[in-house]
Amino acid sequence: MTSSIKISPSILSADFSKLGEEITSLDKAGADYIHVDVMDGHFVPNLTIGPEVIKKLRPFTKKVFDVHLMISPVDQYIEAYSKAGADIITFHPEATEDTSKTINLIKKLKKKVGISLKPESSIDLIKDHLSKIDLILIMSVEPGFGGQKFMPKVLDKLKNIAKIVSEKKLNIDIEIDGGINFENCRLAKEAGANVLVSGSTIFKENKGDLKKNIGILRSN
Ligand code: DX5
Ligand code: ZN
């Protein structure tokens with residue numbers, strides 16, 4: 001399955017005092033998805049935004065809200081993020097007792113299902129669920145903060161999962177998230193990622209020229 005590369009800028013690196021405007025700027029700069037990092041200070045040692053904020057951000061773009069839930073427990077919050085306007089709801093199997101149950105909760109709400117794996121987590125956690133999901137998020141940093149260094153060791157895992165997805169002819173986005181920059185984005189694509197998340201590279205490089213930075217990640 002040849003998919004064109006999609007860019008999903010992470011608003012974790014945006015100016016939180018004007019998130020609505022920042023999202024509209026990302027939309028105009030050519031973002032395919034908007035990556036919204038939700039953190040609860042429990043599953044990860046950081047706290048960001050909840051469903052009420054996402055609801056307020058929804059009108060600022062029609063682009064896909066690619067919502068990355070770094071929260072545990074997760075099941076009781078799925079409906080709130082769905083109602084807030086999430087299009088893809090991605091959770092961590094490490095954060096729930098029953099991965100199938102969480103997948104079904106998201107599907108019942110007619111949202112796309114993503115599963116995210118921390119760098120140390122094995123693809124064994126998701127292998128039995130591939131036919132039911134729409135996106136796999138391979139973390140290339142420890143979840144919790146933007147601006148961390150890319151961990152190249154996850155590229156083997158990315159290659160393995162991309163091979164399985166291709167062999168089974170599944171229509172699944174393979175997204176990589178964490179420390180993606182102009183140098184390593186080519187490695188991520190060659191390993192099989194078709195969606196690149198980036199926060200600090202997009203917001204900080206080239207004096208924050210969003211359009212230029214999104215373009216470089218897409219074409220490098
Ligand atoms: C980290 C988040 C990532 C992060 C990416 O827990 O899931 O999405 O914001 O930011 P950069 O691209 O700066 O690593
Ligand atoms: Zn993320």
Side-chain angles (χ1 to χ4, degrees), residues 1-12 23 26-27 30-39 43 48-51 53-55 57-96 98-118 121 123 125-139 143 158 161-162 164-166 168-178 180 188 192-199 218:
M1 184 195 70
T2 51
S3 324
S4 59
I5 294 295
K6 290 177 238 185
I7 305 296
S8 184
S10 163
I11 59 170
L12 187 64
I23 283 174
L26 286 170
D27 182 333
D32 298 287
Y33 295 170
I34 304 290
H35 189 78
V36 182
D37 284 310
V38 174
M39 301 179 185
F43 182 69
T48 58
I49 58 175
V53 175
I54 294 175
K55 195 160 90 185
L57 296 175
R58 185 65 273 183
F60 284 86
T61 179
K62 292 201 178 343
K63 295 280 173 80
V64 167
F65 269 8
D66 168 30
V67 176
H68 179 191
L69 297 180
M70 288 160 277
I71 65 174
S72 174
V74 57
D75 288 358
Q76 66 247 50
Y77 299 106
I78 298 283
E79 188 171 4
Y81 285 101
S82 169
K83 280 193 179 134
D87 297 293
I88 304 171
I89 298 179
T90 297
F91 68 97
H92 279 260
E94 310 96 327
T96 176
D98 182 340
T99 297
S100 290
K101 182 169 171 246
T102 307
I103 290 171
N104 293 333
L105 279 172
I106 299 169
K107 290 180 92 72
K108 215 164 70 187
L109 294 162
K110 308 252 182 300
K111 298 296 181 180
K112 289 197 167 184
V113 182
I115 297 191
S116 178
L117 291 176
K118 295 201 279 191
S121 297
I123 58 174
L125 287 174
I126 60 173
K127 268 203 301 212
D128 299 339
H129 305 289
L130 296 180
S131 60
K132 294 174 283 180
I133 64 176
D134 305 283
L135 181 141
I136 298 165
L137 197 169
I138 301 291
M139 294 290 311
L158 176 54
I161 202 70
I164 294 169
V165 166
S166 165
K168 290 175 181 280
K169 296 189 177 28
L170 295 168
N171 187 21
I172 295 180
D173 271 339
I174 299 179
E175 185 173 273
I176 188 159
D177 180 7
I180 295 294
N194 72 298
V195 185
L196 304 182
V197 173
S198 167
R218 199 188 298 281

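Here His35 contributes atom NE2 and Asp177 contributes atom CG; the two are 4.0 Å apart, rounded to the nearest 0.5 Å. Note that CD1 of Ile54 and CD1 of Ile34 are 12.0 Å apart. Values are rounded to the nearest 0.5 Å. Ile133 CD1 to Thr99 OG1: the interatomic distance, rounded to the nearest 0.5 Å, is 10.0 Å. Residue Leu196 holds its CG atom at 8.5 Å from CD of Glu175, rounded to the nearest 0.5 Å. Remark: Ile174 CD1 to Leu137 CG distance equals 11.0 Å, nearest 0.5 Å. To the nearest 0.5 Å, the span separating CE on Met139 from OG on Ser116 amounts to 5.5 Å.
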From CA spacing to verdict: side-chain contact (heavy atoms from CB on, under 4.5 Å), Ile89, Leu69: CA-CA 7 Å; Ile89 298 179; Leu69 297 180; 3.6 Å; yes
Working for side-chain hydrogen bond (donor to acceptor under 3.5 Å, both in side chains), residues His68 and Asp66: CA-CA 6 Å; His68 179 191; Asp66 168 30; over 6 Å; no
Residues Val36, Ile49; criterion side-chain contact (heavy atoms from CB on, under 4.5 Å); working and verdict: CA-CA 9 Å; Val36 182; Ile49 58 175; 3.6 Å; yes
CA sep, side-chain torsions, deciding dist, call: Asn194, Asp173, side-chain contact (heavy atoms from CB on, under 4.5 Å): CA-CA 6 Å; Asn194 72 298; Asp173 271 339; 2.8 Å; yes
Worked verdict on Ile136 versus Ile115 for side-chain contact (heavy atoms from CB on, under 4.5 Å): CA-CA 5 Å; Ile136 298 165; Ile115 297 191; 5.7 Å; no
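Considering only residues two or more places apart in sequence or on other chains, Phe43 meets the ring pair (Phe, Tyr, Trp, His ring centres under 6.0 Å) condition with His92.
Phe60 places none of its side-chain heavy atoms less than 4.5 Å from the side chain of Leu26. Residues Val197 and Asp37 have side chains not in contact (no heavy-atom distance under 4.5 Å, counting atoms from C-beta outward). The shortest distance between side-chain heavy atoms of Lys6 and Val64 does not fall below 4.5 Å. A 4.5 Å side-chain heavy-atom check between Leu117 and Pro93 finds at least one atom pair inside the cut-off.
Side-chain atoms of Asp32 do not come within 3.5 Å of backbone N or O of Ser8 as any donor-acceptor pair. Using modelled atom types, one side-chain atom of Glu94 and one backbone atom of Lys118 make a donor-acceptor pair closer than 3.5 Å. No donor-acceptor pair closer than 3.5 Å links the side chain of Thr61 to the backbone N or O of Asp27.
Among Lys112, Lys111, Arg58, Lys63, the one residue that satisfies the side chain to side chain donor-acceptor pair (under 3.5 Å) test with Asp87 is Arg58.
Of all heavy-atom pairs between Ile5 and Ala193, the closest is CD1-O, 3.6 Å. Shortest non-hydrogen contact noted between Gly114 and Ile88 is N-CG2, 4.3 Å. When all heavy atoms are compared, the tightest approach of Leu158 to Ala188 is CD2-O, 3.7 Å. Contact detail for Leu130 and Ile172: the closest heavy-atom pair is O-CD1, 3.3 Å. Listed here is the closest heavy atom pair of Ala95 and Ser72: O-OG, 3.1 Å. The two residues Met70 and Pro143 come nearest to each other via the heavy atoms SD-CB, 3.7 Å.
Counting non-hydrogen atoms of other residues, nucleotides and ligands closer than 6.0 Å to NZ of Lys107 gives a total above 12. The 12-atom threshold is not exceeded at NZ of Lys83, counting heavy atoms of other residues, nucleotides or ligands nearer than 6.0 Å.
Residue pairs meeting the ring pair (Phe, Tyr, Trp, His ring centres under 6.0 Å) criterion with at least one member in residues 69-91, sequence neighbours excluded, do not occur.
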